[in-house]
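Here is the structure we will look at, set down as structure tokens.
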Amino acid sequence: MATSKPVPLSIDVSWGTDTIRVTNISPHLPADTTDSHVAAVTAAGQANPSTWLPDASWGAIARATTRPDALTAQLRPTADEPSGLLMVENVEGATLWSVVTRVLLSELFPGPQPRTGMEVSEVPDPQVHGITREGRPSAIVQYRYESLVHLRNHVWQTIHATLSLNSYATSILTRSVTRNLITHPVEIAFEDGTEPIHVLVVRDGITRLASAWAVLAGHGADPAEVATLATDALLGNASAAGAAAGPGLGQRLAASRAQWRQARRQEFDGEMNGTTPGVRAAQIAQSYVVPAQIAVGIEGHDGRVLSPEDIFDDAIRSVLASVHVEFKQWDAAAQNVEVITRALKRIIQQGDPRWNTADLQAVYGLAVGRIPVTELPQVFGGEAAPPGTALWRAVYLVSALTQPDLLELLKDQAKAIKGGQRMSMKGFGELLGPIIDLPWRAKKKLVTKQARNAWNNGGVLSADVTQGWTPIPTEDFTTLIEPSMNGDDDARRTLAVAGGVALIADKLLTRNVGSSLGARKEKGGVPFRSDVNKVIEGLSKPTNELGLWTLALAANTFRSNDLPQNSVPKQSLTGKESAESDEPPYIYFKVDLDAEDYIAVDADGVPVPLYEWDVVAASDPGRMAKLAPPTILVQPPAPPAPNEGTTSTDESESAQNGSPENESGETSDVEGSGTPLFQYGTVDAEVGTVVGTLIPGPRDEDTPVPPSQLAAAHRKALRLGVQGARDALDHLHALEPEVGDHTPIVPVDQLDDLHKLLVGILTDVENLRRRTVENHAPEEDNPESEESADTPLG
């Protein structure tokens, strides 16, 4: 008599304070793949004409699947289907063949993604290199890590960062992972000489992968604990597996994972044999196995001019981008990198005769980090090779990507990918920002957000820089000043980009807003409003010697491995000295054209630090000369009496938050009435703005200011404060998509406080309006006046 198949269970378990209905728990966990299964899968893969993978990769796929027999059946060619039952997917420029199966969670490694790769991270992503066979692409790439420790730290960071953004743990506990993870085999190589290993890597579905580990870790486990659990399971102690596992590192790690799974089976079986399975059985059952789509074959389409080693990775990225750029979006920086690199790849595929394909491939390799900074002199060196530094990488990237014809094609392709109708230079700058900061993103993470905002505001893309030019390599940027003033546009644009990138990267040139006006230099104040690219344009004019020296000294000062003392308050740093402790302090100095070394000094002979105020001022000396002297900052006097029509200290501090602008974007002159204005208030250390009220300055020490004049100044302060609040709210709305759901743009408690404050202001304004209407109603509103007016004289 045949035995019936065990019926899956559904149980209720406690998950925190909730009771979760867990469905379809299998009474048994799948067994591990045997050596004979691995041999059968490898033979079937080798016999399929559409697939080629190293035997070690077939072994990794076979070990990961829970149904090696079904996998073998999909791979086996038939008379009608030479490619077997593989899933066929036509993507941009290539055809992918994949198997669909169920795989063990503990055999899947998280791969780098644009979403996580573009964030500020302590652990850098590995370098990605394609693998070919006989000049043809194959469905595998190589990840190059520095060491096994680098791999371990990267796995931990990816799981931790993913769960810090989102988690599907409750959903997965209820019904397990239901959508396929997109995966493919990878050879992991190590620069320190450690033996390479072959594994399966997840390219799409990282959140589902990390959430499955969160289910296994249990309710209440924080992202760090989940990341540690996953890392220990995937990269357990290879020596603990014993010599019987095999001589290779990959074999020993695979045996370690098998031992980890055996422990989970024993734990699961112990719970399932009890009277009622508990939450631990549910956790293991729902996370032990996940569905996956594994790419095993690739063929480039005719006419595609991508190099063979790029075709597979580009095809996978096309699949991911079709989802995460058009539908379930990554954050702005990740989308921008994906858009610009895919746009460049599309142009490479077109084979336009105006550009050398090998040169475009080199630019692409530099942009995505495949070509290290140290190889810049070999790859881009002409008669004079550039220094192999991160700043020169930025210069050559900007030069290459802003050649006029290529720039227009890139914008067209980017618009097509993003689905937009137009793209301004600011929009193009937004795409470049996360590419330019790749070498120093982690070291300058405290100011990365401000730097990317500056690129969103135009970056170094002045009208002059986008005209097409060739960088002039030099070890000392000050040598380019004289040629720049004598008509050498290439030298001048090299200065504009190098100095501009340095100033932006170190927060000495930002997207200045209304609140920056009137603030002190030390708090990020600026003398006037101007877009970032306009500042660069002004600094790099051939007649602006002060601006050219500012750019040159900034480029000479720049370091990619540290932050200068100018950009971040000392208390915000870790307190540790730079790794190069024998180097002089990292600081930018203000330019003085009359000084022998062109560095300004104070009365004591101490060099004067450079501030954003100085950078913006140097961009337009003529405009600075026309500006009135800045308002005087004094301590606030004692609060006036209520009958003087003034607001309380709290109200006045919340009032002044912005500055008026005219249609050109320049600030209106507050001293236009001819009355000298003095500014009193406090400096907000958080945002660097001056908070206070503008009042007319006394004409004589013994002459009190009339209440009517005080009221006039406070009316202006009220108007500016409300307008500043409106501007701040607009900026918050614009920033909200970038911040994402994991961090509220404004905490709820602060919103509640703001709401109460705004309701109070609205009530007071309405009461003032009503009283003013009642007290100053025109006479014709009085019925008696109307009657008397209509009566003829006499």
Side-chain angles (χ1 to χ4, degrees), residues 449-450 453-454 456-457 510-532 612-613 616 627-628 630-634 636 645-673 677-696 710-736 738-739 745-747 750-766 768-769:
K449 185 174 183 179
Q450 292 90 337
N453 285 340
N456 298 355
N457 193 233
T510 65
R511 181 185 62 183
N512 64 65
V513 293
S515 59
S516 299
L517 292 164
R520 294 187 301 174
K521 285 185 179 184
E522 297 82 358
K523 297 295 182 180
V526 293
F528 51 80
R529 290 283 300 272
S530 183
D531 290 338
V532 173
E612 185 172 6
W613 178 290
V616 175
L627 288 181
T631 56
I632 302 172
L633 187 68
V634 298
T646 58
T647 59
S648 68
T649 303
D650 289 342
E651 291 170 337
S652 64
E653 287 185 356
S654 63
Q656 177 65 10
N657 202 19
S659 299
E661 293 181 26
N662 56 31
E663 292 181 0
S664 67
E666 299 180 5
T667 55
S668 303
D669 294 334
V670 291
E671 63 278 1
S673 63
L677 294 181
F678 286 68
Q679 189 173 40
Y680 74 85
T682 58
V683 177
D684 188 323
E686 181 72 19
V687 296
T689 61
V690 175
V691 182
T693 305
L694 290 172
I695 64 170
L710 283 172
H714 283 297
R715 284 198 299 271
K716 179 180 280 290
L718 177 63
R719 173 73 182 183
L720 298 185
V722 173
Q723 183 60 52
R726 177 72 263 175
D727 292 343
L729 193 57
D730 290 342
H731 289 313
L732 287 171
H733 282 306
L735 288 171
E736 191 170 10
E738 296 181 35
V739 173
I745 191 71
V746 182
Q750 292 186 23
L751 286 173
D752 291 339
D753 292 340
L754 283 172
H755 186 262
K756 292 177 183 177
L757 179 62
L758 291 173
V759 168
I761 292 175
L762 181 61
T763 302
D764 290 343
V765 168
E766 179 60 19
L768 277 173
R769 188 188 72 82

Quick one: salt bridge (charged side-chain N to carboxylate O under 4.0 Å, His left out) partners of R726, sequence neighbours excluded? D730
Quick check for you: to the nearest 0.5 Å, what is the distance between Q723 atom CD and L720 atom CG? 8.5 Å
Between V532 and T510, what is the shortest heavy-atom contact and its length? CG2-O, 3.4 Å
Output for pair (D753 CG, L758 CG), nearest 0.5 Å, gives 11.0 Å
Looking at CG of L768 and OG1 of T763, how far apart are the two atoms once the value is rounded to the nearest 0.5 Å? 11.0 Å
